[in-house]
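This report concerns only the one structure given below.
In this text the structure is predicted, and so the values were computed from the model without any measurement. What you see below is based on every heavy atom in this structure, not just the backbone, and it leaves out hydrogens, waters and symmetry mates. Counting from 1, the numbers follow the sequence of the chain as shown.
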Amino acid sequence: PSTTYYYRTFLEIDGNVTYYGKTLSITTPAVSLPTDNAAGVDLGGSVIWDVMNLGAAKVEDYGNYYAWGAKSAGYDVVTFEDAATAADASKRVPTYSEIEELQSLPQDAAFTYNGVKGVLFVAWSNTAIFFPYAGYKHEGTYANMQGKEAYYWSSTKNGSDDPKAY
């Protein structure tokens with residue numbers, strides 16, 4: 001977003017003579033990054049996405065860390081319950097297919113927003129959503145890989161008898 005690229009054409013004849021055209025440039029447009037979580041963001045897919053993580057106060061905040069299927073921050077999971085639905089009945093954790101749909105959009109995996117590194121997904125309408133590199137927690141330990149990697153749950157179980165999730 002908002003990046004200028006320079007280019008020029010050239011013609012080489014028999015490896016001896018090279019002719020260069022005029023140097024031109026193109027600048028990609030600025031991206032519209034919504035900050036109002038109530039409205040959500042329509043990236044042109046099958047769902048309206050929240051603009052920030054559950055428990056976050058701002059787009060760039062990491063939010064809370066949840067075990068898969070936990071309805072509150074922490075690691076006490078008996079059966080799958082949707083943390084997003086527990087917080088707001090009109091919301092839910094996205095499915096694996098919805099996350100794949102999101103990942104099919106153009107993205108900038110080295111984007112920094114207000115000093116926080118993360119991934120920016122940009123729709124063809126030039127609206128976008130930012131996923132901070134929040135890292136992960138393992139059984140209540142300190143957060144690992146913050147600022148370096150992002151791990152996000154889907155609500156889809158990985159196989160019918162497998163206790164893992166996507």
Side-chain angles (χ1 to χ4, degrees), residues 1-3 28 30-124 126-166:
S2 299
T3 303
T28 57
V31 170
S32 169
L33 192 58
T35 57
D36 179 9
N37 210 36
V41 61
D42 184 354
L43 298 173
S46 61
V47 296
I48 303 296
W49 293 86
D50 269 2
V51 300
M52 62 188 78
N53 286 332
L54 193 57
K58 299 180 289 186
V59 171
E60 66 272 22
D61 288 349
Y62 294 153
N64 296 331
Y65 293 85
Y66 296 83
W68 186 82
K71 68 177 180 178
S72 60
Y75 294 87
D76 298 323
V77 181
V78 178
T79 59
F80 178 81
E81 296 186 61
D82 190 322
T85 303
D88 180 337
S90 69
K91 299 182 182 205
R92 62 178 175 76
V93 173
T95 66
Y96 183 67
S97 295
E98 291 163 346
I99 290 175
E100 283 183 316
E101 182 180 275
L102 177 69
Q103 290 176 321
S104 73
L105 293 173
Q107 53 193 274
D108 182 346
F111 192 77
T112 300
Y113 181 72
N114 289 341
V116 177
K117 293 179 181 177
V119 181
L120 183 73
F121 295 95
V122 183
W124 298 112
N126 215 35
T127 56
I129 188 169
F130 178 70
F131 280 62
Y133 285 158
Y136 66 93
K137 281 190 177 182
H138 181 68
E139 296 180 7
T141 62
Y142 62 92
N144 298 289
M145 304 303 289
Q146 280 185 335
K148 296 178 183 168
E149 294 183 7
Y151 296 85
Y152 289 89
W153 288 121
S154 79
S155 60
T156 305
K157 192 173 181 182
N158 182 3
S160 59
D161 295 322
D162 192 339
K164 298 177 184 174
Y166 289 106

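- Judged by distance alone, with hydrogens and angles left aside, the side-chain atoms of N53 form a donor-acceptor pair with the main-chain N or O of Y62 at under 3.5 Å.
- Aromatic pair Y65/Y136: ring centres not closer than 6.0 Å.
- Smallest separation of non-hydrogen atoms from P34 and A128: CD-O, 3.2 Å.
- A distance-only check finds no donor-acceptor pair linking the side chain of W124 to the backbone of P106 [under 3.5 Å].
- Taking OH of Y113 as the reference point, atom NZ of K58 lies at 9.5 Å (rounded to 0.5 Å).
- The shortest side-chain heavy-atom distance between T95 and S154 does not fall under the 4.5 Å cut-off.
- Residues P132 and A150 approach most closely at O-CB, 3.7 Å, considering heavy atoms.
- With sequence neighbours excluded, the residues forming a salt bridge (charged side-chain N to carboxylate O under 4.0 Å, His left out) with K91 are D50, listed by chain and number.
- For the pair L43 and L105, the minimum side-chain heavy-atom distance is below 4.5 Å.
- With hydrogens and angles disregarded, a donor-acceptor distance shorter than 3.5 Å links the side chain of D36 to the backbone of A38.
- For residues 95-105, the salt bridge (charged side-chain N to carboxylate O under 4.0 Å, His left out) pairs, not counting sequence neighbours, are R92-E98.
- Closest approach of T112 to K117, counting heavy atoms only: OG1-CG, 3.8 Å.
- Here the CG atom belonging to L120 is positioned 6.5 Å from the CG atom belonging to L33, to the nearest 0.5 angstrom.
- Between V119 and F130 the shortest side-chain heavy-atom distance does not fall below 4.5 Å.
- Between S90 and D88, the closest heavy-atom pair is OG-OD1, 2.7 Å.
- Heavy atoms only, all atoms of each residue included: V47 and W49 are closest at CG2-NE1, 3.2 Å.
- In this structure, CD1 on I129 lies 10.0 Å from CE on M52, to the nearest 0.5 angstrom.
- Rounded to the nearest 0.5 Å, atoms NZ (K137) and CG (N144) are 10.0 Å apart.
- Evaluation of the side-chain hydrogen bond (donor to acceptor under 3.5 Å, both in side chains) rule for E149 yields Y151 as partners, not counting sequence neighbours.
- Within the 4.5 Å cutoff, the side chain of F131 has heavy atoms near those of the L102 side chain.
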